[in-house]
Amino acid sequence: QVQLVDAGGGLVQAGGSLRLSCAASGSISTVHFMGWYRQAPGKQRELVAAVPSGGSPTYTESVKGRFSISRESARNTMYLQMNSLKPEDTAVYYCNALITPIGVIGPVTYWGQGTQVTVSS
C-alpha cells in the first residue's frame with residue numbers, strides 16, 4: 001500500500017512565502033512522476049508544477065519565477081517553495097504521484113489529502 005501525505009499550507013499575507021511538502025511511503029518500487037496541483041473554489045484542478053524522474057521541472061505560467069519544485073528521490077519526498085504569494089494563489093494544493101508499487105504491474109496514480117493555502121491581500 002502506498003500513501004502520499006502533503007503538508008505545509010496556511011494563511012499568509014500577499015508577498016509572503018510558504019513551503020509545501022509531500023512524502024510518499026509504503027511499498028514503492030518506482031516513482032515515475034511527482035507534481036503539485038491546486039484547486040480554487042469554483043475552478044478546475046490545475047497542474048502547478050511537476051518534476052518527472054530524470055526530467056526537468058515544469059511550471060504553469062502564472063507561477064514561473066515565484067514557485068520552485070524539488071525532489072529528494074532517496075526519501076520519495078517533494079517540496080514546493082512558494083514565494084511572492086498572491087491572493088490568486090489561494091487554493092487547496094494536492095500532491096500527485098505516479099508510482100509503481102512493489103508487486104504491481106504498471107504505475108498507479110496517487111493523491112495527497114490536500115493542504116489549504118490562503119493568501120490575504
Side-chain angles (χ1 to χ4, degrees):
Q1 188 174 2
V2 174
Q3 288 186 325
L4 292 185
V5 177
D6 46 33
L11 173 63
V12 64
Q13 288 187 333
S17 298
L18 284 173
R19 189 188 194 212
L20 306 183
S21 65
C22 172
S25 63
S27 302
I28 297 172
S29 174
T30 306
V31 177
H32 305 280
F33 168 94
M34 295 189 82
W36 289 98
Y37 284 74
R38 67 184 179 187
Q39 187 165 21
K43 294 188 177 181
Q44 289 188 330
R45 191 172 295 190
E46 66 168 344
L47 180 62
V48 176
V51 54
S53 292
S56 300
T58 59
Y59 302 91
T60 192
E61 192 65 35
S62 62
V63 308
K64 285 182 180 178
R66 299 188 298 121
F67 289 12
S68 177
I69 189 171
S70 60
R71 273 180 63 181
E72 291 184 28
S73 297
R75 297 175 58 190
N76 293 325
T77 303
M78 172 179 66
Y79 303 95
L80 184 67
Q81 178 66 43
M82 305 186 293
N83 299 326
S84 302
L85 282 161
K86 303 176 181 180
E88 50 263 44
D89 294 318
T90 295
V92 179
Y93 284 70
Y94 296 92
C95 172
N96 170 263
L98 189 64
I99 295 171
T100 297
I102 294 172
V104 175
I105 298 175
V108 178
T109 297
Y110 294 91
W111 292 92
Q113 77 280 9
T115 184
Q116 176 71 46
V117 171
T118 302
V119 184
S120 63
S121 58

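Here the structure is a predicted model, which is why all the values come from computation and not from measurement. Residue numbers count from 1 along this sequence.
The stretch residues 9-30 participates, sequence neighbours left out, in no salt bridge (Lys or Arg N to Asp or Glu O under 4.0 Å) pair at all.
Linking ILVMFWY residues whenever their side-chain heavy atoms come closer than 4.5 Å, directly or via other members, places Trp111 and Leu47 in the same cluster. In the hydrophobic clustering of ILVMFWY residues, with side-chain heavy atoms under 4.5 Å counting as a link, Tyr79 and Val117 come out apart. Grouping the Ile, Leu, Val, Met, Phe, Trp and Tyr side chains by contacts below 4.5 angstrom, directly or via other members, places Leu85 with Tyr59.
Between Leu80 and Ala49, the shortest heavy-atom contact is CD1-CB, 4.1 Å. Of all heavy-atom pairs between Leu4 and Cys22, the closest is CD2-SG, 4.2 Å.
Side-chain N or O atoms of Arg45 include none that pairs as donor or acceptor with a backbone N or O of Tyr37 at under 3.5 Å. Of the possible polar contacts, one joining the Gln39 side chain to the Lys43 backbone as a donor-acceptor pair under 3.5 Å is found.
Between the CG atom in Asn76 and the CZ atom in Arg71 there is a gap of 7.5 Å [rounded to 0.5 Å]. Note: Gln13 CD to Ser120 OG = 5.0 Å, rounded to the nearest 0.5 Å. In this structure, CZ in Arg75 is found 9.5 Å from OG in Ser21, a value given to the nearest 0.5 Å. For the atom pair CD (Gln1) and OG (Ser25), the distance works out to 9.0 Å, reported to the nearest 0.5 Å.
Considering only heavy atoms from C-beta on, Asn83 stays 4.5 Å or farther from Phe67 through its side chain.
Asp6 and Thr115 are not linked by any side-chain donor-acceptor pair at a separation below 3.5 angstrom, with hydrogens and angles left out of the test. Side chains of Ser70 and Glu72: no donor on one and acceptor on the other come within 3.5 Å.
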Next item on the list: For side-chain contact (heavy atoms from CB on, under 4.5 Å), just list the numbers for Ser17 and Gln81, CA-CA rounded to whole Å, side-chain angles, deciding distance to a tenth of an Å, and then say yes or no.
Entry: CA-CA 7 Å; Ser17 298; Gln81 178 66 43; 4.0 Å; yes
Next item on the list: Would you check, one step at a time, whether the test side-chain contact (heavy atoms from CB on, under 4.5 Å) holds for Ile69 with Trp36?
Entry: CA-CA 9 Å; Ile69 189 171; Trp36 289 98; 3.8 Å; yes
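By the salt bridge (Lys or Arg N to Asp or Glu O under 4.0 Å) test, Lys64 is found to be paired with Glu61, residues two or more places apart in sequence or in another chain being considered.
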Per-pair distances, 0.1 Å, donor-acceptor, side chain in residues 87-109, under 3.5 Å, sequence neighbours excluded:
| residue | atom | partner | partner atom | Å |
| --- | --- | --- | --- | --- |
| Asp89 | OD1 | Arg38 | NH1 | 3.0 |
| Asp89 | OD1 | Arg66 | NH2 | 3.0 |
| Asp89 | OD2 | Arg66 | NH1 | 2.7 |
| Asp89 | OD2 | Arg66 | NH2 | 3.4 |
| Asp89 | OD2 | Lys86 | N | 2.8 |
| Thr90 | OG1 | Pro87 | O | 2.9 |
| Thr90 | OG1 | Val119 | N | 2.9 |
| Thr90 | OG1 | Val119 | O | 3.4 |
| Tyr93 | OH | Arg38 | NH1 | 2.9 |
| Tyr93 | OH | Asp89 | O | 2.6 |
| Asn96 | ND2 | Tyr110 | O | 3.4 |
| Thr100 | OG1 | His32 | NE2 | 2.7 |

